[in-house]
Student: 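One structure follows; several queries about it will come next.
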Amino acid sequence: MDPSTHITLGQQVLIKLPSNNSKICELKANEVINLGKFGAFKVNDIIGYQLGTTFEIYYEDKDTEEQDPNLISSKDKVVTDAKPKNNHKRERKDKFPKKPAGKVRIIKSSTFKSSLPPSTDEILPNTNSSKNNEQLIDIGSEAQKLSMKDIEELKKQSMSGEAIIAKMVSSHENFHKKTIYSQEKYLKRKKQKFEKFFKVEYLNPGNLLQYLLDKGDILRVLDISWESLEILLNLANIQPTGKYLVCDETGGLIVYAIMERMFKGLNTNGNGDDIAGEIVLVHENEHPNLDLLKYSNFSAEFIEKHVKTLSMLDYLEPPTKLEVESLFVALTEEQISNLKPAKKGAYYRSLKFYERSLENIKLSQSKYDGLIVASTLHLPSLIPRLSANVHGSRPIVCYSQFKEVLLELSHLLYDDTNYLAPSLLETRCRPYQTIRGRLHPLMTMRGGGGYLLWCQKVLPANFDHI
Amino acid sequence: MDPSTHITLGQQVLIKLPSNNSKICELKANEVINLGKFGAFKVNDIIGYQLGTTFEIYYEDKDTEEQDPNLISSKDKVVTDAKPKNNHKRERKDKFPKKPAGKVRIIKSSTFKSSLPPSTDEILPNTNSSKNNEQLIDIGSEAQKLSMKDIEELKKQSMSGEAIIAKMVSSHENFHKKTIYSQEKYLKRKKQKFEKFFKVEYLNPGNLLQYLLDKGDILRVLDISWESLEILLNLANIQPTGKYLVCDETGGLIVYAIMERMFKGLNTNGNGDDIAGEIVLVHENEHPNLDLLKYSNFSAEFIEKHVKTLSMLDYLEPPTKLEVESLFVALTEEQISNLKPAKKGAYYRSLKFYERSLENIKLSQSKYDGLIVASTLHLPSLIPRLSANVHGSRPIVCYSQFKEVLLELSHLLYDDTNYLAPSLLETRCRPYQTIRGRLHPLMTMRGGGGYLLWCQKVLPANFDHI
Amino acid sequence: MNSPFTSYKDTIQAGDLVLIWISRDNIKPITITPNENFNTRYGIFPHNDIIGKPYGSQIATKTSNNKFGFIHILQPTPELWTLSLPHRTQIVYTFDASYILGRLDCGPTTRVLEAGTGSASLSHSFARSVGKLFTYEFHQVRYEQALQEFKEHGLIATNEKNVNNSTNSSRVVITHRDVCKNGFQINPLEDTTSLNEQSLPSLNLNADCVFLDLPAPWEAIHHLDAPGVLNNHEQVNICCFSPCIEQVDKTIEALEKYGWTDIEMVEIQGKQFESRRQMVRKLDDALERLRDLKRRKQEGAERRKRLNEKLASNGIATTSTSTSTKEIDVEKRPY
Amino acid sequence: MNSPFTSYKDTIQAGDLVLIWISRDNIKPITITPNENFNTRYGIFPHNDIIGKPYGSQIATKTSNNKFGFIHILQPTPELWTLSLPHRTQIVYTFDASYILGRLDCGPTTRVLEAGTGSASLSHSFARSVGKLFTYEFHQVRYEQALQEFKEHGLIATNEKNVNNSTNSSRVVITHRDVCKNGFQINPLEDTTSLNEQSLPSLNLNADCVFLDLPAPWEAIHHLDAPGVLNNHEQVNICCFSPCIEQVDKTIEALEKYGWTDIEMVEIQGKQFESRRQMVRKLDDALERLRDLKRRKQEGAERRKRLNEKLASNGIATTSTSTSTKEIDVEKRPY
């Protein structure tokens, strides 16, 4: 099964909840995933379906529930987001009792609009109901004839979220008096509260980024937006066979995006032996930070083969081959086999270091098909040194959270004939509310998203020889 | 007649043409204004109508045209935009012969949509005509059955622009085969070419700014947009009775906008004796530059009364009263009457300078209800000195074409307890194509428009005394 | 009574409506009252300490743990007032408000129609900058709240006699009305308005411009043609404010039907920036750190080598990296 | 034939399609041909001087007036190709193109449907980044132009045998077709397509994603349900690109009707900045200029006074102002 298209065991996926929250889950065989108030399900039940499928959790038989083998025993390993926040642990437990794992069924649509109960579809388009707003002062729970107890009862009767909401709407005295806007808000709020569906999505870089954004973890990836990330890939002219020099302070998000553009779908047939493309990551600390690659669906072997890492020092000031060789004395097979186990281990470590050093020298002398930089280091000193080995007519693309930083860099590059036409640009995705009859640009766009500088490496002519 | 609402002799107005170009005209009695290919009209004919009226130029009787008294003789003073560009003066003359001044009549609407000939209204909403685009390769003039000669004939027959276009549309073989988009473009192009209407608008700061923008003269006003200008007025809390310290490198546009907000409509009843508000303009050169005020409809007397000007040196380093008095010896009425005429003139000049110097001292010591700055001087050194005399709880608003300049200023003000909550902001007006059925944000928004820094002047507590 | 929104004041007096600036997100309107206290979690501020101080004063207090708390006392303006409103209400913010005032050509003699009043944030901008504001609100509670607020803010005279006398009357007239149903004409004998003059049978509004912030503005537009509503002697501008594009479309339809021309649809995009200083991180410093690491590693390797050769050595040279910092001004948009 | 858009090249050879960069607004595609010249108003550049040079080389020439003219020789990329297109054609620019590729989750194995081809600017982005592009153009002339271009660019093999063999076939298949009327299924026996394999009765497109840039995309959407068009084994993404909001509305209606979910409408706002250095103008320099003026005036006044007192004096002291300049980096959006 291709983990880029189908739900696969061992895969990292994004699970989207009706509340618009999402979580990342690793799909381990025989485990139960608990989505808190939205229910729980067994991983095995969703394996093999297409990524992008929306599932509804349902509970078939109320009476057998207590004896249901799906009921989580205390020995089951439960993946859950619900953390008790304070001392009221017992109360919390009562409010959100341990959810038994329900069965799942596929539902076709997960958009809000199309999952509205039919009875409200006739009410919503009534744009003339605004006048009635006059009579509405406060829509409190007193207008709602269904009590919480009734609702809990309905839930126990395994009624679907949709059905509960339809019932609530028909029981709400003032519902038809609401403006379409408050009708909509009301339904959305209720829906987020009672519906039990979830959607399983491929964890592409955009979804990963959205997840980090929702978690408030966006500064970890230098505040980059999806649209900035995507234009970076295009401007850098990423191709499956390219060899790219990369500096990535986003913990691997940019490397992941480049890998997806280069290799998505290619890593499933064997180990991708026939794929030539390579990413060379230079890092400023002792070890590279590619944390976020753990969410990718590339195997460790695949990553190791296609992503080389070395420190900026090793890249910019590589030792000579002589120096490297002076620190290592190769032993013959026979000599090795005569070593004591501890010595043997030490020898192999030295050998690995030696081989790695030789490879680093090679990498520091290679020519590159592009330079991609997302670094908080001072760019005017960094870029000229890193771009020395970039081929002519190949792009240099720098991302920064701050325009001012790129402004400074652009001035330097303007004055240097090794760079053609530095361009400073910004791209922003403006989302619209996408409900027919109520289309409008959304007012609350997040700030940030970053800026890009793009130019071509060129080879200046020697004007003395003309 | 109120020149802020009605077309008045001696007034400066904006005349908008079907081509979307505009021109500024002073309305002088008995003159003819020539709008080039759109015709010519007599100023007297439009006096007294409401500002905002759209007029059509028409020619009643073709046969009498040659003898028509409206025909411009070479002695008539003609205001015209048409400049011969090259040597083909004679050809040009033939193409655009001297226009006789036509009669004018009011037309209700000047929007493109509503002035479309009715026959095309049925074609335009046909959004399904896109398929037919397949058959269209090039819509050349061969598809147009009316020859230029025919069109000229129609024009001579005093047909209205609308009627000509309707005729052209019905004669165009492929018109119905065009997509709605190219239909629209075609009509618009033709309309701009043949229609003879013009609109007379009040020359408010927004119109003046648009005029400068159209002329490519926007850098003269520091690239400010209308929306930036308007938010400046609100943030500065402009009121008719306020006293504002202003630094304006836009040639008076900002002063004009402040005056309109303070006084619009008040200057018509007498000379506005009872109006208290005052603008104090400090300038960095010997003389202030308030060029653009010539387009305003405030009288010179009104401006002199309400706009005081002094140099930055006079404001920041005023002479003492003693110094000023030491340079002037007052004479008695009798002594003055005994002076020779030349000496008398010199004395009055000295007196004026003396009085002015005393007034400058007063202005440099006054308290102000707001500081408004649009200057290219280094703001971190300018703003603290200019804001010394601003009352507590009064706004300081700085406009700049460049954000970086305000960023630097904002850092300084953050660290200074005399300023509360410096905010750096940007406002942009996004125009939409406003034709029903074809609404969309316009893709080509102009860059620029500037940035604003806003804060409140405050009075820090003395923490030693608590 | 002078309104703090339409005239300047220098000294804080008892009875003044002031805005207490605690922080950008926390601005409180209070009326200065002798012997009362203003309590914050940063300390207690007696009104008596505020009375007599100039507007804009920072007022400091010592907190229990011997630190300082402070607030600023500001005179209200429409812009500061808008900032002080709770974010849950629908507010016309200053970015939009200022553009609207500009496009409606507002000046001190302008007469404005506004429906509905809503949170009255835009009403305050109008009240500051125009001659007369007629505002309409159909929601009973919001009408009463706004009426009360206009009175407290000195924008509606509480003992008014003649509304048409411009020098001596209220800046604002508010009417409880569904303008879509009942239009704009005011009959003080029948309508629930802020007018005290009950003898007027009807009022010539003579509005120079109109602002509609209604769910269905297209239902109100034809009512503008009723006698006395608009100023017939000059060009009248209208602005309809809607969130959804379908609403704009219906509004354009109605405007065209009732003879309005030169219709433009625009959107105002306002941004506010945070500025901060960003440390400049030099490449050389990063390289020096890496060199340092490498030296230590090599020393370790050599030491191990020497140890292997039974040569003891205890001296490890430590190097210190000196980093110099420079800063650059950058902008940062808040979320 | 390797396409310059899908593989890297180091040295410029005869027969190569290259982009000549003259200026930002003037980028010309040419095929390098021995003994030909490239003429600009900056001078004449013989192709022979270009052959054998590395890509990215600046080529200089001496002009008649003994100055230098120069150009840069670049290998085409979809982004540079887009820049080289005349602005009068409708182009999907890189801001939109890159977002579209991202949202459609494009990778080297992706199969894309595109209608219509138009200026083929987006087609080149797809061709670079996906496994297979099926593109449709209903306009006869544009179809032929695009077909010719894809062949010249090595994106359509001119001697192709089997389109379904992914390793050895064209990256692009273009079909002359009105998809609104006739859908997406390709029958090489009947259709005017770039396929040379005439024996295939029909082709499984198995598209993973769809891009529609049509005046009426809603008329094409139901055709996607025809057998073999979409990949039924996985989630398929669609992007419809329209200028007008009414078009978007009709598209949403059709998408919902035919079972598409999670519909989002967005607009990409791309900006490009010019940066420049702005001189810092100091207040002190301005004041010094004014002081200088004042001194001269006072000297003049005193001189006149002395003259009046019949005391002749000819000495005028001139002062010179020294101005120091500093610069600040600013951004400037071009119009």
Side-chain angles (χ1 to χ4, degrees), chain B residues 5-6 50-52 108-111 113-114 204 206 226-227 229-231 233-235 237-242 260-266 369 391-394 403-404 407-408 410-411 417 420-421 423-432 434 436 439 441 456-461 463 466, chain C residues 6-8 10 21 24 54-62 68 70 72-75 77-79 94-95 97-99 101-103 105-110 125 128-129 233-235 245 248-249 252-253 256 259 261-275 277 329-331:
Chain B
T5 58
H6 288 76
Q50 295 170 17
L51 283 157
K108 196 165 165 64
S109 158
S110 67
T111 53
K113 178 73 196 309
S114 41
N204 62 22
W226 195 1
E227 53 272 26
L229 186 60
E230 290 300 337
I231 203 169
L233 298 179
N234 266 34
L235 294 176
N237 191 27
I238 301 296
Q239 298 180 17
T241 56
E260 284 279 292
R261 183 57 64 88
M262 292 173 83
F263 306 128
K264 184 183 180 234
L266 292 182
D369 294 318
H391 265 300
S393 193
R394 303 286 202 274
K403 184 160 57 179
E404 292 75 12
L407 268 175
E408 195 186 347
S410 75
H411 281 302
T417 52
L420 182 64
S423 298
L424 181 51
L425 45 92
E426 174 193 334
T427 180
R428 293 287 180 270
C429 177
R430 183 88 197 270
Y432 280 63
T434 314
R436 291 190 69 216
L439 295 174
Q456 304 291 320
K457 178 77 185 298
V458 289
L459 310 163
F463 284 85
I466 296 157
Chain C
T6 60
S7 57
Y8 294 104
D10 296 345
W21 182 289
R24 268 175 207 265
Y55 270 99
S57 288
Q58 185 184 45
I59 309 289
T61 192
K62 234 175 199 154
F68 288 110
F70 60 85
H72 284 93
I73 317 295
L74 302 179
Q75 186 183 344
T77 70
E79 289 68 37
T94 299
F95 288 112
S98 54
Y99 184 78
L101 262 71
R103 290 306 300 263
D105 248 341
C106 289
T109 61
T110 310
S125 285
R128 184 251 324 268
S129 301
H233 305 299
E234 59 180 72
Q235 181 179 348
I245 291 157
V248 174
D249 184 54
I252 297 172
E253 184 182 23
E256 287 180 345
T261 64
D262 296 296
I263 301 163
E264 282 176 49
M265 168 180 180
V266 304
E267 183 201 348
I268 299 299
Q269 300 181 329
K271 288 186 203 169
Q272 195 149 345
F273 303 101
E274 270 174 27
S275 66
R277 305 215 121 150
D329 298 330
V330 296
E331 61 102 333

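Bear in mind the structure is a predicted one, so any value in this text is a computation, not a measurement. Just so you know, these numbers use all the heavy atoms, side chains as well, and skip hydrogens, waters and symmetry mates. Order of the sequence lines sets the chain letters (A, B, ...), proteins ahead of strands, with each chain counted from 1.
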Student: Between Leu229(B) and chain C, which part of the residue has a heavy atom less than 4.5 Å away: side chain, backbone, both or neither?
Tutor: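 Leu229(B) has no heavy atom closer than 4.5 Å to chain C.
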Student: Please step through side-chain contact (heavy atoms from CB on, under 4.5 Å) for the pair Leu74(C) and Val458(B), ending with a clear verdict.
Tutor: CA-CA 9 Å; Leu74(C) 302 179; Val458(B) 289; 4.2 Å; yes
Student: So which atom in Trp21(C) and which in Ala421(B) form the shortest heavy-atom distance, rounded to 0.1 Å?
Tutor: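 Answer, listing the atom of Trp21(C) first, then Ala421(B): CZ2-CB, 3.2 Å.
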Student: Are any non-hydrogen side-chain atoms of His6(B) and His233(C) less than 4.5 angstrom apart?
Tutor: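 With C-beta onward as the side chain, the pair touches.
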Student: Distance from Arg277(C) atom CZ to Glu408(B) atom CD, nearest 0.5 Å?
Tutor: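 If we round to the nearest 0.5 Å, Arg277(C):CZ and Glu408(B):CD are 8.0 Å apart.
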Student: So Asn234(B) and Ser125(C), do their side chains get closer than 4.5 Å, heavy atoms only?
Tutor: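 Ser125(C) vs Asn234(B): side chains touch.
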Student: Counting only non-hydrogen atoms closer than 4.5 Å, does Leu439(B) touch chain C with its backbone (N, CA, C, O), its side chain (CB onward), both, or neither?
Tutor: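 Contact with chain C: side chain only.
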Student: Taking the side chain as every heavy atom from C-beta outward, state whether Gln272(C) and Glu426(B) have any atom pair closer than 4.5 Å.
Tutor: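 No. Closest side-chain heavy atoms not under 4.5 Å.
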Student: Go through Glu267(C) and Arg428(B) one step at a time and tell me if the side-chain contact (heavy atoms from CB on, under 4.5 Å) criterion holds.
Tutor: CA-CA 8 Å; Glu267(C) 183 201 348; Arg428(B) 293 287 180 270; over 6 Å; no
Student: Return the CE to OG distance between Met262(B) and Ser129(C), rounded to the nearest 0.5 Å.
Tutor: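 Going from CE on Met262(B) over to OG on Ser129(C), the span is 11.5 Å.
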Student: Would a 4.5 Å heavy-atom cut-off, applied to side chains only, mark Leu420(B) and Gln58(C) as touching?
Tutor: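 Counting from C-beta outward, Leu420(B) and Gln58(C) never come under 4.5 Å.
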Student: Counting only heavy atoms closer than 4.5 Å, note whether Pro240(B) contacts chain C via side chain, backbone, both or neither.
Tutor: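 Interface part for Pro240(B): side chain.
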Student: Find the one option among Ser393(B), Pro441(B), Gly392(B) whose heavy-atom pairs under 4.5 Å with chain C are most numerous.
Tutor: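 Ranked by contacts with chain C, first place is Ser393(B).
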Student: So what's closer than 4.5 Å to chain B heavy atoms on Ser57(C): side chain, backbone, both or neither?
Tutor: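 Backbone plus side chain of Ser57(C), per the 4.5 Å heavy-atom cut-off to chain B.
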Student: Apply side-chain contact (heavy atoms from CB on, under 4.5 Å) to residues Arg394(B) and Asp10(C) and explain how you reach the verdict.
Tutor: CA-CA 10 Å; Arg394(B) 303 286 202 274; Asp10(C) 296 345; 2.9 Å; yes
Student: Are any non-hydrogen side-chain atoms of Ile231(B) and Phe95(C) less than 4.5 angstrom apart?
Tutor: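 A side-chain contact under 4.5 Å exists here.
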Student: For chain C, which of Leu235(B), Leu425(B), Leu233(B), Thr417(B) has the most heavy-atom pairs under 4.5 Å?
Tutor: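 Among Leu235(B), Leu425(B), Leu233(B), Thr417(B), the one with the most close pairs to chain C is Leu425(B).
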Student: Kindly indicate whether the side chain of Ser275(C), heavy atoms from C-beta on, has any atom under 4.5 Å from the side chain of His411(B).
Tutor: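 When only atoms from C-beta onward are counted, His411(B) and Ser275(C) do touch, with a gap below 4.5 Å.
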Student: Where on Asn237(B) is there a heavy atom nearer than 4.5 Å to chain C: the side chain, the backbone, both, or neither?
Tutor: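 Contact with chain C: backbone and side chain both.
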Student: Which residue out of Gln239(B), His391(B), Lys457(B), Gln456(B) racks up the most heavy-atom pairs below 4.5 Å with chain C?
Tutor: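 Option with the greatest count: Gln239(B).
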Student: Taking the side chain as C-beta and beyond, is there a heavy-atom pair between Pro431(B) and Glu264(C) under 4.5 Å?
Tutor: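 In short, these two side chains do not touch, never coming nearer than 4.5 Å.
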Student: Tell me, out of Thr109(C), Ile268(C), Asp249(C), who's got the most heavy-atom pairs with chain B below 4.5 Å.
Tutor: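 Result: the option with the highest number of such pairs is Asp249(C).
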Student: Rounded to the nearest 0.5 Å, what separation is found between the CG atom of Leu459(B) and the CD1 atom of Ile73(C)?
Tutor: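 Here the rounded value is 11.5 Å.
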Student: Using non-hydrogen atoms only, which part of Glu260(B) is less than 4.5 Å away from chain C: side chain, backbone, both, or neither?
Tutor: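 The backbone, not the side chain.
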Student: Among Asp105(C), Thr77(C), Leu101(C), which residue has the highest count of heavy-atom pairs closer than 4.5 Å to chain B?
Tutor: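 Of the candidates given, the most pairs with chain B belong to Asp105(C).
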Student: Closest approach of Gly107(C) and Lys264(B), non-hydrogen atoms and distance?
Tutor: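 For Gly107(C) versus Lys264(B), the nearest heavy atoms are CA-CB, 4.3 Å.
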Student: Is the shortest heavy-atom distance from the side chain of Cys429(B) to the side chain of Tyr99(C) under 4.5 Å?
Tutor: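 Heavy-atom side-chain distance check passes, below 4.5 Å.
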Student: Can you tell me how far the CD atom of Glu274(C) sits from the CG atom of Leu407(B), to the nearest 0.5 Å?
Tutor: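 That separation rounds to 11.5 Å.
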Student: Do any N or O atoms from the side chain of Thr5(B) and from the backbone of Glu234(C) form a donor-acceptor pair under 3.5 angstrom?
Tutor: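 Pair absent, no side-chain N/O of Thr5(B) close to backbone of Glu234(C).
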